[in-house]
Amino acid sequence: METTNDIFGLRGKTALVTGASQGIGAACAEILAQAGAKVMLTDILEEQGRQTADAIRSTGAEAEFRAQDVTDEAQWEATVAATIERFGGLDVLVNNAGIEIVHFITDMPLETWRKVQRVNVEGVFLGTKNAMLAMRPGGPAGKGGSIVNISSLAGMTGTPLFSAYCASKGAVRTFSKAAAAEGGALGIRVNSVHPGFIRTKMGRAAISHIADLAFGGDSGQVEALFTTARCPLGRLGEPRDVAAPVLFLASDLSRYVTAMELIVDGGTFGAS
Ligand code: NAD
């Protein structure tokens, strides 16, 4: 009989995680490797990425780092090919790389808006496209798979100062559903994950930007607003809090789940 471990585990499978040098991406790479996957970590931050992959390898897991800018299509083709060559397949893609730029709409240069869409939307499109080409029947990996796109709570609601980011993460949310609609017949599931405030470099920068622009530089006040006041679980999230639901969506435990959005925010959205 199939055990929970059999279906929760990723033994024999290969996962590719973008933006994996630090933060949520690093935590995803780590937990997928702990579940038995061979993991390709990619990022534009090379030294940190190599260190993260080394740390995962030091636990006995299989992991490798490869430099990749997710906005570049040729780099996507090369990265997917290199992953399949190195590890023998591609079963899971976590489109995690992302950026956040904080501006009032009236102050935002068009190029800033475009930069956010390039990384957060085009990067996810290119990743999904190249993974689907590889995972579909007859593709070089060919066994179907699971694609997990990291959106945000900001992809569900509007937040002042975050318009470019909100638009990009809203696009990731509905793009993922369209990709799931096309992917089902190919054996490919696509879901989105929507973290609330998570304690990473990006999360800390967002808090300090909001503090500077609206709270006279008082980060403590902003943090209190997003924890005690709005979050039923009363704390900011940690990268691992997001990585565990990603593992669920990557594994066969969620084999009948696709086109869904999973909010991981300590209850902030549901209870507001
Ligand atoms: P982070 O800034 O700590 O890490 C993001 C990583 O993406 C970095 O290592 C960065 O180098 C990489 N990256 C950026 N542009 C890239 C590009 N063009 N090509 C390849 N890699 C690139 O941020 P994080 O908090 O770990 O965020 C990870 C994901 O989670 C992002 O998509 C982010 O939007 C999303 N998210 C974060 C929070 C939060 O509060 N931290 C909340 C909701 C959603």
Side-chain angles (χ1 to χ4, degrees), residues 16-31 40-53 65-76 78-79 93-102 114-128 130 148-157 159 161-162 164-173 175-176 192-210 219 222-223 226-227 230-231 235-243 245-246 261-266 268-269:
L16 168 54
V17 183
T18 68
S21 289
Q22 59 186 339
I24 292 169
C28 289
E30 189 185 284
I31 206 166
M40 181 66 84
L41 297 84
T42 77
D43 205 296
I44 45 176
L45 293 180
E46 296 193 30
E47 202 184 320
Q48 210 169 334
R50 280 183 220 294
Q51 284 169 9
T52 305
F65 174 79
R66 187 182 160 91
Q68 181 201 13
D69 181 336
V70 295
T71 65
D72 184 315
E73 182 150 30
Q75 289 188 35
W76 262 112
T79 298
L93 168 65
V94 183
N95 276 314
N96 164 79
I99 58 169
E100 184 174 72
I101 302 179
V102 177
R114 285 185 174 151
K115 188 173 174 191
V116 174
Q117 312 314 316
R118 261 200 304 275
V119 179
N120 294 1
V121 186
E122 291 180 21
V124 169
F125 155 66
L126 289 173
T128 302
N130 282 280
V148 183
N149 291 331
I150 307 298
S151 176
S152 171
L153 201 54
M156 314 290 294
T157 60
T159 311
L161 295 168
F162 287 85
Y165 186 73
C166 286
S168 73
K169 293 300 188 178
V172 169
R173 172 174 172 262
F175 169 74
S176 300
S192 57
V193 169
H194 300 257
F197 264 96
I198 309 298
R199 219 181 280 280
T200 64
K201 193 172 167 202
M202 179 188 288
R204 283 190 293 271
I207 286 173
S208 89
H209 280 130
I210 298 171
S219 290
V222 179
E223 203 166 315
F226 284 96
T227 54
R230 288 183 61 211
C231 175
R235 64 172 176 84
L236 295 186
E238 301 296 334
R240 186 92 175 174
D241 295 329
V242 181
V246 168
E261 52 208 32
L262 181 46
I263 299 175
V264 185
D265 69 344
T268 305
F269 183 76

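All values below were derived from every heavy atom in this structure, side-chain atoms included, with hydrogens, water molecules and symmetry-related copies excluded. We count ligands from 1, going down the list as the structure has it; atoms in each ligand are counted the same way.
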Shortest non-hydrogen contact from V193 toward V246: CG2-CG2, 4.2 Å
Heavy-atom closest pair, residues G98 and V119: CA-CG1, 4.0 Å
Those residues that, when tested against Q68, pass side chain to side chain contact (heavy atoms under 4.5 Å, CB included) (two or more places apart): T18, T42, V70, Q75, W76, T79
Shortest non-hydrogen separation from A206 to F162 and the atoms involved: CB-CZ, 4.0 Å
Salt bridge flag under 4.0 Å for residues K169 and E100: no
Under 4.0 Å from ligand 1, counting heavy atoms only: the protein residues, by chain and number: G19, Q22, G23, I24, D43, I44, L45, Q68, D69, V70, N96, A97, G98, I99, V119, I150, S151, S152, Y165, K169, P195, G196, F197, I198, T200, K201, M202, G203
Atom pair OG1/CG of T128 and N95 - distance to nearest 0.5 Å: 4.5 Å
